[in-house]
A.B. asks: 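First the structure, then my questions, so here it is.
Throughout, a chain's letter reflects where its sequence line sits, starting with A, and its residues are numbered from 1. All heavy atoms count here, side chains included; hydrogens, waters and symmetry mates do not.
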Amino acid sequence: MADNVTPRVRVPRDASAGDSVSVRTLISHPMESGQRRDGDGNLIPRSIINRFTCDFNGQNVIDVTLEPAISTNPYFQFDATVPESGTFQFTWYDDDGSVYEETAEITVT
Amino acid sequence: MRKTSLFGGAAVAAVAIALAGATSADIGDDEELIVNGEIEMIIETAAPEHLQDRLSTIYSGWVFRSDETQAMQADDFDNPGMIFVDQGLEAFETVMGTEGQSCASCHENAESLSEVRSTYPKWDEERGLVQTVEMQIIECQTERMGAEPYGYDSQDMRNMTALISSVGRGIPVNVAIDGPAQETWEQGREIYYTRFGQLELSCANCHEDNYGNLIRADHLSQGQINGFPTYRLRNAGLVSIHNRFRGCIRDTRGETFSVGSPEFVALELYVASRGNGLTVEGPSVRN
């Protein structure tokens, strides 16, 4: 179980219909690769975020598989076209079964 | 013919030197650092009076970093150090110890501590010594909260100092070097100019005589500590002031003072005073 996992997202508050908006996400996570050894020579078990998804009003925007080589505190930035007002739903899936969720509202005028 | 080729060679060398000059840190560029579009940082200013026979201008370490690293510090979302500020804020509001108190019980909110980072290390009348922010936190924990104190360089401590620094961003550093703190300050200056280790290097040899020049693939800064605790990309975590001091002395192949030792407290006061006039930046982002 990774400690202190806090997701953070930043989405513009409003946009015009059909605009492409920049979405940024960051989650604090150690992303332990499973390759390292501790002081006694034992393998430190792998513990990473293995999947990240973003949906907008129920429609999938991005679905990412993460691998152990990705460094600590994974950061994603991507563009999304927003046709209407709605909610971005972000989900991170941890190796230990934990699921972290965050949402962000956007108003389209 | 031979003459021409010699001349050609010299010209090429001159160009190479000029190029090296252009890339050796961006000193004197009209760069500015405005965090979140609102906190204006002083990244370059006249040296404080006590330093003027040595340096005319002082620069924040931010000036010496690459454009990409600089940009990370300009926005809290891109600054990974802010993750730890969030964790510090959580601890700030959490009750610890036998007295049933959190930091917020006395200090209300973190913003009430905005003047702390810019004025520490500071003479403590009650205890009769110069205290760092870390020592002050430990004093609160042991004497007021009845709590197990944080380790001087522990993750919890760095989270808390990052929080305290973050609320003081944009305020110019102004540590007192006269009065009762003077003796400690002079001890710190002594350490600053003392050569340590097998390489026989003093702080000044790199950070006063050679700032802006390359040390291997990296530009030497003036060694200012206004940006601490610093998020170092190579550590993927926060680095405290004393940890950085220890790293520097270790790199001279010397036996270092320990984190939290009176020697490092004195050195911290002196180095902080060399940055009087630069703004508090912590948690800054460095490579």
A.B. asks: Using the side-chain contact (heavy atoms from CB on, under 4.5 Å) criterion, which residues pair with A:Asp63? Sequence neighbours excluded.
C.D. replies: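 Per chain and number, A:Asp63 pairs via side-chain contact (heavy atoms from CB on, under 4.5 Å) with A:Arg51, A:Thr53, A:Asn60.
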A.B. asks: Of the backbone (N, CA, C, O) and the side chain (C-beta and beyond), which part of A:Thr72 lies under 4.5 Å from a heavy atom of chain B, both, or neither?
C.D. replies: side chain
A.B. asks: How would you list, by chain and number, every residue that makes a side-chain contact (heavy atoms from CB on, under 4.5 Å) with B:Glu111, sequence neighbours excluded?
C.D. replies: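 Listed in chain order: B:Asn109, B:Val167.
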A.B. asks: Among residues 230-260 of chain B, which residues come closer than 4.5 Å to chain A, judged by heavy atom distances?
C.D. replies: B:Tyr231, B:Ala236
A.B. asks: Taking atom CD as the centre, does B:Glu93 end up with more than 12 heavy-atom neighbours from other residues, nucleotides or ligands that are less than 6.0 angstrom away?
C.D. replies: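 Correct, the count exceeds 12.
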A.B. asks: Testing the basics here: between A:Val9 and B:Phe77, what is the closest heavy-atom pair and its distance to 0.1 Å?
C.D. replies: C-CE1, 3.6 Å
A.B. asks: Quick one: list whatever passes side-chain contact (heavy atoms from CB on, under 4.5 Å) with B:Gln155, sequence neighbours left out.
C.D. replies: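 With neighbours one apart ignored, the set is B:Phe84, B:Arg158, B:Asn159.
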A.B. asks: For residues A:Leu26 and B:Met82, determine if any side-chain heavy atom of one lies less than 4.5 Å from a side-chain heavy atom of the other.
C.D. replies: no
A.B. asks: If you count the non-hydrogen atoms of other residues, nucleotides and ligands that lie under 6.0 Å from CD in B:Glu32, is the total more than 12?
C.D. replies: no
A.B. asks: Determine whether more than 12 heavy atoms belonging to other residues, nucleotides or ligands lie under 6.0 Å from atom CZ of A:Arg46.
C.D. replies: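 Atom CZ in A:Arg46 is crowded, with more than 12 foreign heavy atoms closer than 6.0 Å.
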A.B. asks: Which heavy atom in B:Asp76 sits nearest to a heavy atom in A:Arg8, and how many Å separate them?
C.D. replies: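 Minimum heavy-atom separation between B:Asp76 and A:Arg8: O-NH2, 3.8 Å.
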A.B. asks: Is it true that atom CD1 of B:Ile215 has more than 12 heavy atoms of other residues, nucleotides or ligands lying nearer than 6.0 Å?
C.D. replies: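 No - once you tally the heavy atoms of other residues, nucleotides and ligands closer than 6.0 Å, there are 12 at most.
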A.B. asks: More than 12 non-hydrogen atoms from neighbouring residues, nucleotides or ligands closer than 6.0 Å to CD on B:Glu90, yes or no?
C.D. replies: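 Incorrect, the count does not exceed 12.
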